[in-house]
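Notes for the one structure printed next.
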Amino acid sequence: MNIFITGASSGIGEYVSYEYAKSGNHLALCARRKEKLESIANKCREMGAQVTTYSVDVSDQHSTKESIEDFLSKITTIDLVIANAGRGELDALHKGNPTIMNEVIKVNVIGVQNTIVPFLPKMLEQDSGHIALVGSVASHIAWAGGGAYAASKFAVRALSESWRNTLPSTIDVTLICPGFVESEMTDPVEWTPFMIKTDIAAKKIVNALNKKKKMFIFPWQWHIVIKLKRIVAVMMANTARKMQKKRAQKAK
Ligand SMILES: NC(=O)c1ccc[n+]([C@@H]2O[C@H](COP(=O)([O-])OP(=O)(O)OC[C@H]3O[C@@H](n4cnc5c(N)ncnc54)[C@H](OP(=O)(O)O)[C@@H]3O)[C@@H](O)[C@H]2O)c1
(Lines give C-alpha, C1' and ligand atoms only; values in the text may rest on other atoms or scores of the structure.)
Protein backbone atom coordinates (compact mmCIF):
# COMPACT_ATOMS: atom_id res chain seq x y z
CA MET A 1 0.00 0.00 0.00
CA ASN A 2 1.02 3.63 -0.53
CA ILE A 3 0.22 5.60 2.62
CA PHE A 4 0.62 9.30 3.50
CA ILE A 5 0.71 10.03 7.26
CA THR A 6 0.97 13.47 8.86
CA GLY A 7 2.13 14.05 12.43
CA ALA A 8 4.45 11.04 12.11
CA SER A 9 7.28 12.47 14.23
CA SER A 10 5.75 11.44 17.59
CA GLY A 11 2.83 9.90 19.45
CA ILE A 12 -0.05 8.32 17.56
CA GLY A 13 1.38 9.10 14.10
CA GLU A 14 4.74 7.53 14.99
CA TYR A 15 3.19 4.27 16.23
CA VAL A 16 0.67 4.07 13.36
CA SER A 17 3.69 4.38 11.03
CA TYR A 18 5.32 1.37 12.73
CA GLU A 19 2.09 -0.61 12.30
CA TYR A 20 2.16 0.03 8.55
CA ALA A 21 5.95 -0.45 8.23
CA LYS A 22 6.15 -3.69 6.38
CA SER A 23 7.56 -4.92 3.12
CA GLY A 24 5.58 -3.75 0.11
CA ASN A 25 4.28 -0.59 1.80
CA HIS A 26 5.56 2.83 0.75
CA LEU A 27 5.07 5.34 3.55
CA ALA A 28 5.24 9.13 3.28
CA LEU A 29 5.92 10.43 6.78
CA CYS A 30 5.28 14.13 7.41
CA ALA A 31 5.89 16.52 10.29
CA ARG A 32 7.99 19.62 10.97
CA ARG A 33 10.82 18.05 13.06
CA LYS A 34 13.16 16.59 10.46
CA GLU A 35 15.51 14.68 12.80
CA LYS A 36 12.70 12.89 14.67
CA LEU A 37 11.06 12.06 11.38
CA GLU A 38 14.31 10.61 9.96
CA SER A 39 14.92 8.40 12.99
CA ILE A 40 11.32 7.04 12.81
CA ALA A 41 11.71 6.58 9.03
CA ASN A 42 14.89 4.54 9.61
CA LYS A 43 13.07 2.27 12.06
CA CYS A 44 10.28 1.79 9.49
CA ARG A 45 12.88 0.98 6.81
CA GLU A 46 14.42 -1.63 9.12
CA MET A 47 10.94 -3.15 9.43
CA GLY A 48 10.80 -3.49 5.63
CA ALA A 49 8.93 -0.41 4.39
CA GLN A 50 10.00 2.00 1.70
CA VAL A 51 9.84 5.46 3.28
CA THR A 52 9.89 9.03 2.02
CA THR A 53 9.94 11.85 4.58
CA TYR A 54 8.58 15.36 4.21
CA SER A 55 9.49 18.06 6.69
CA VAL A 56 6.41 20.18 6.28
CA ASP A 57 4.04 22.42 8.22
CA VAL A 58 0.55 21.18 7.30
CA SER A 59 -0.94 24.61 7.91
CA ASP A 60 1.07 25.80 4.88
CA GLN A 61 -1.05 24.93 1.84
CA HIS A 62 1.69 25.29 -0.77
CA SER A 63 4.48 23.28 0.88
CA THR A 64 2.00 20.55 1.86
CA LYS A 65 0.78 20.39 -1.75
CA GLU A 66 4.39 20.19 -3.00
CA SER A 67 5.04 17.20 -0.72
CA ILE A 68 1.85 15.51 -1.89
CA GLU A 69 2.73 16.09 -5.55
CA ASP A 70 6.20 14.67 -4.95
CA PHE A 71 4.78 11.55 -3.28
CA LEU A 72 2.20 11.10 -6.05
CA SER A 73 5.01 11.28 -8.62
CA LYS A 74 6.70 8.29 -6.93
CA ILE A 75 3.64 6.01 -6.77
CA THR A 76 0.98 4.67 -9.12
CA THR A 77 -2.00 4.67 -6.72
CA ILE A 78 -2.65 6.31 -3.36
CA ASP A 79 -4.29 3.88 -0.96
CA LEU A 80 -4.55 5.67 2.37
CA VAL A 81 -4.10 9.23 3.67
CA ILE A 82 -4.08 9.74 7.45
CA ALA A 83 -4.50 13.38 8.52
CA ASN A 84 -3.20 12.99 12.05
CA ALA A 85 -1.05 16.09 12.72
CA GLY A 86 -2.56 18.19 15.45
CA ARG A 87 -2.03 20.61 18.32
CA GLY A 88 -3.71 20.39 21.68
CA GLU A 89 -3.12 23.63 23.58
CA LEU A 90 -5.66 25.15 25.97
CA ASP A 91 -7.45 28.44 25.26
CA ALA A 92 -6.03 30.41 28.26
CA LEU A 93 -8.95 32.83 27.92
CA HIS A 94 -7.75 34.90 30.91
CA LYS A 95 -4.76 36.09 28.85
CA GLY A 96 -7.02 37.81 26.34
CA ASN A 97 -4.89 36.61 23.42
CA PRO A 98 -6.36 34.28 20.78
CA THR A 99 -3.01 33.53 19.04
CA ILE A 100 -2.72 29.95 20.34
CA MET A 101 -6.41 29.27 19.69
CA ASN A 102 -5.98 30.47 16.11
CA GLU A 103 -2.93 28.19 15.70
CA VAL A 104 -4.88 25.18 16.99
CA ILE A 105 -7.68 25.83 14.47
CA LYS A 106 -5.13 26.43 11.69
CA VAL A 107 -3.26 23.14 12.17
CA ASN A 108 -6.21 20.96 13.19
CA VAL A 109 -8.70 22.12 10.54
CA ILE A 110 -6.86 23.88 7.70
CA GLY A 111 -4.03 21.33 8.08
CA VAL A 112 -6.51 18.48 7.55
CA GLN A 113 -7.93 20.16 4.43
CA ASN A 114 -4.40 20.84 3.10
CA THR A 115 -3.54 17.17 3.63
CA ILE A 116 -6.61 15.46 2.19
CA VAL A 117 -8.02 17.64 -0.57
CA PRO A 118 -4.98 17.59 -2.94
CA PHE A 119 -5.20 13.77 -3.00
CA LEU A 120 -8.87 13.71 -4.05
CA PRO A 121 -8.47 14.23 -7.84
CA LYS A 122 -6.11 11.24 -7.92
CA MET A 123 -8.46 9.10 -5.77
CA LEU A 124 -11.41 10.08 -7.99
CA GLU A 125 -9.40 9.21 -11.11
CA GLN A 126 -8.34 5.79 -9.75
CA ASP A 127 -11.86 5.33 -8.27
CA SER A 128 -10.48 4.06 -4.95
CA GLY A 129 -8.75 5.22 -1.79
CA HIS A 130 -9.24 5.73 1.90
CA ILE A 131 -9.02 8.95 3.85
CA ALA A 132 -8.70 8.98 7.63
CA LEU A 133 -9.15 12.09 9.77
CA VAL A 134 -7.94 12.05 13.35
CA GLY A 135 -10.58 13.76 15.43
CA SER A 136 -10.99 13.14 19.15
CA VAL A 137 -13.59 12.49 21.82
CA ALA A 138 -13.47 16.31 21.73
CA SER A 139 -15.22 15.97 18.34
CA HIS A 140 -18.27 15.19 20.53
CA ILE A 141 -17.64 16.85 23.89
CA ALA A 142 -16.30 20.39 24.46
CA TRP A 143 -14.28 20.45 27.69
CA ALA A 144 -13.81 23.56 29.82
CA GLY A 145 -10.57 25.25 28.77
CA GLY A 146 -10.32 23.56 25.37
CA GLY A 147 -12.79 25.53 23.25
CA ALA A 148 -10.55 25.98 20.20
CA TYR A 149 -9.40 22.35 20.32
CA ALA A 150 -13.01 21.09 20.55
CA ALA A 151 -14.08 23.52 17.82
CA SER A 152 -11.32 22.17 15.58
CA LYS A 153 -12.26 18.55 16.26
CA PHE A 154 -16.02 19.22 15.83
CA ALA A 155 -15.02 20.74 12.47
CA VAL A 156 -13.02 17.63 11.57
CA ARG A 157 -16.11 15.52 12.31
CA ALA A 158 -18.18 17.80 10.06
CA LEU A 159 -15.60 17.48 7.27
CA SER A 160 -15.60 13.70 7.54
CA GLU A 161 -19.42 13.51 7.41
CA SER A 162 -19.71 15.91 4.51
CA TRP A 163 -16.90 14.29 2.49
CA ARG A 164 -18.40 10.82 3.05
CA ASN A 165 -21.70 12.12 1.65
CA THR A 166 -20.02 13.90 -1.26
CA LEU A 167 -17.42 11.41 -2.47
CA PRO A 168 -18.30 8.17 -4.29
CA SER A 169 -18.62 5.08 -2.09
CA THR A 170 -15.41 3.71 -3.66
CA ILE A 171 -13.52 6.23 -1.50
CA ASP A 172 -13.72 5.36 2.21
CA VAL A 173 -13.77 8.04 4.89
CA THR A 174 -12.92 7.19 8.51
CA LEU A 175 -13.10 9.51 11.49
CA ILE A 176 -10.84 8.34 14.32
CA CYS A 177 -11.86 9.65 17.75
CA PRO A 178 -9.28 8.75 20.41
CA GLY A 179 -9.79 9.35 24.09
CA PHE A 180 -6.58 9.97 26.05
CA VAL A 181 -3.51 8.31 24.52
CA GLU A 182 0.04 8.57 25.89
CA SER A 183 1.91 11.13 23.76
CA GLU A 184 3.71 14.46 23.89
CA MET A 185 0.27 16.07 23.73
CA THR A 186 -0.99 14.36 26.89
CA ASP A 187 2.34 14.51 28.82
CA PRO A 188 1.40 17.78 30.58
CA VAL A 189 -2.26 16.84 31.13
CA GLU A 190 -3.04 15.92 34.76
CA TRP A 191 -6.49 14.32 34.40
CA THR A 192 -6.46 11.59 31.75
CA PRO A 193 -9.29 9.10 32.42
CA PHE A 194 -9.11 5.78 30.55
CA MET A 195 -5.66 6.68 29.13
CA ILE A 196 -4.14 4.01 26.87
CA LYS A 197 -0.62 3.34 25.61
CA THR A 198 0.42 4.67 22.20
CA ASP A 199 1.24 1.27 20.65
CA ILE A 200 -2.15 -0.12 21.74
CA ALA A 201 -3.91 2.94 20.32
CA ALA A 202 -2.06 2.55 17.01
CA LYS A 203 -3.09 -1.13 16.75
CA LYS A 204 -6.73 -0.21 17.42
CA ILE A 205 -6.62 2.57 14.81
CA VAL A 206 -5.12 0.31 12.13
CA ASN A 207 -7.69 -2.40 12.92
CA ALA A 208 -10.52 0.16 12.51
CA LEU A 209 -9.00 1.36 9.24
CA ASN A 210 -8.70 -2.21 7.94
CA LYS A 211 -12.41 -2.63 8.70
CA LYS A 212 -13.12 0.66 6.84
CA LYS A 213 -15.13 1.92 9.84
CA LYS A 214 -16.93 5.22 9.33
CA MET A 215 -16.21 6.40 12.86
CA PHE A 216 -14.09 4.80 15.55
CA ILE A 217 -14.34 6.09 19.13
CA PHE A 218 -11.93 4.44 21.60
CA PRO A 219 -11.27 3.22 24.22
CA TRP A 220 -14.72 1.72 24.75
CA GLN A 221 -15.42 3.75 27.89
CA TRP A 222 -15.50 6.95 25.78
CA HIS A 223 -17.77 5.27 23.26
CA ILE A 224 -20.29 4.72 26.08
CA VAL A 225 -19.89 8.28 27.45
CA ILE A 226 -20.57 9.75 24.00
CA LYS A 227 -23.55 7.43 23.42
CA LEU A 228 -25.00 8.42 26.81
CA LYS A 229 -24.49 12.10 25.99
CA ARG A 230 -26.48 11.62 22.77
CA ILE A 231 -29.25 9.72 24.60
CA VAL A 232 -29.50 12.42 27.30
CA ALA A 233 -29.66 15.13 24.61
CA VAL A 234 -32.51 13.31 22.81
CA MET A 235 -34.35 12.76 26.13
CA MET A 236 -34.04 16.44 27.02
CA ALA A 237 -35.25 17.51 23.56
CA ASN A 238 -38.26 15.14 23.81
CA THR A 239 -39.13 16.39 27.31
CA ALA A 240 -38.88 20.01 26.16
CA ARG A 241 -41.15 19.23 23.18
CA LYS A 242 -43.77 17.52 25.44
CA MET A 243 -43.74 20.45 27.88
CA GLN A 244 -44.18 22.90 25.01
CA LYS A 245 -47.16 20.86 23.72
CA LYS A 246 -48.74 20.84 27.23
CA ARG A 247 -48.26 24.61 27.57
CA ALA A 248 -49.84 25.16 24.14
CA GLN A 249 -52.84 22.94 25.07
CA LYS A 250 -53.30 24.81 28.38
CA ALA A 251 -53.22 28.17 26.59
CA LYS A 252 -56.11 27.10 24.27
N1 LIG B 1 -3.01 11.86 22.59
C2 LIG B 1 -4.29 11.98 22.81
O3 LIG B 1 -4.77 11.72 23.92
C4 LIG B 1 -5.21 12.37 21.70
C5 LIG B 1 -6.59 12.28 21.93
C6 LIG B 1 -7.46 12.62 20.93
C7 LIG B 1 -6.98 13.03 19.70
N8 LIG B 1 -5.63 13.14 19.51
C9 LIG B 1 -5.18 13.60 18.20
O10 LIG B 1 -4.22 12.71 17.69
C11 LIG B 1 -3.35 13.41 16.81
C12 LIG B 1 -1.91 13.08 17.17
O13 LIG B 1 -1.63 13.60 18.45
P14 LIG B 1 -0.62 12.91 19.49
O15 LIG B 1 -1.37 12.64 20.71
O16 LIG B 1 0.11 11.84 18.83
O17 LIG B 1 0.31 14.17 19.82
P18 LIG B 1 1.83 14.48 19.54
O19 LIG B 1 2.70 13.39 20.05
O20 LIG B 1 2.03 15.86 20.05
O21 LIG B 1 1.93 14.47 17.95
C22 LIG B 1 1.47 15.53 17.16
C23 LIG B 1 2.08 15.36 15.79
O24 LIG B 1 1.59 16.40 14.94
C25 LIG B 1 2.69 17.04 14.33
N26 LIG B 1 2.39 18.44 14.07
C27 LIG B 1 1.97 19.39 14.95
N28 LIG B 1 1.82 20.57 14.33
C29 LIG B 1 2.16 20.35 13.02
C30 LIG B 1 2.22 21.18 11.88
N31 LIG B 1 1.91 22.49 11.93
N32 LIG B 1 2.61 20.64 10.70
C33 LIG B 1 2.93 19.33 10.63
N34 LIG B 1 2.89 18.49 11.67
C35 LIG B 1 2.52 19.01 12.85
C36 LIG B 1 3.84 16.89 15.32
O37 LIG B 1 5.09 16.94 14.65
P38 LIG B 1 6.09 18.19 14.59
O39 LIG B 1 6.01 18.89 15.90
O40 LIG B 1 7.40 17.54 14.31
O41 LIG B 1 5.58 19.00 13.44
C42 LIG B 1 3.59 15.47 15.81
O43 LIG B 1 4.15 14.55 14.91
C44 LIG B 1 -3.72 14.88 16.94
O45 LIG B 1 -4.55 15.26 15.87
C46 LIG B 1 -4.49 14.94 18.23
O47 LIG B 1 -5.38 16.02 18.28
C48 LIG B 1 -4.75 12.81 20.46
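The model shown is predicted, which means the values in this text are computed figures rather than measured ones. When a ligand or atom number is given, it counts from 1 through the structure's own listing order.
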Hphob cluster co-occupancy, Leu209 + Ile171, side-chain heavy atoms under 4.5 angstrom: no

For Arg45, salt bridge (Lys or Arg N to Asp or Glu O under 4.0 Å) partners two or more places apart: Glu38

Tyr15 and Tyr18 aromatic ring geometry - parallel, tilted or perpendicular at 30°/60° bounds: perpendicular

Under 4.0 Å from ligand 1, counting heavy atoms only: the protein residues, by chain and number: Gly7, Ala8, Ser9, Ser10, Gly11, Ile12, Ala31, Arg32, Arg33, Val56, Asp57, Val58, Asn84, Ala85, Gly86, Arg87, Val107, Val134, Gly135, Ser136, Tyr149, Lys153, Pro178, Gly179, Phe180, Val181, Ser183, Glu184, Met185, Thr186

Set of side-chain contact (heavy atoms from CB on, under 4.5 Å) partners for Pro193, sequence neighbours left out: Phe180, Trp191, Trp222

Residue from Val104, Asn102, Ile110 passing side chain to side chain contact (heavy atoms under 4.5 Å, CB included) with Lys106: Ile110

Pairs where residues 86-139 contributes a residue and the test ring pair (Phe, Tyr, Trp, His ring centres under 6.0 Å) is met, not counting sequence neighbours: Phe4-Phe119

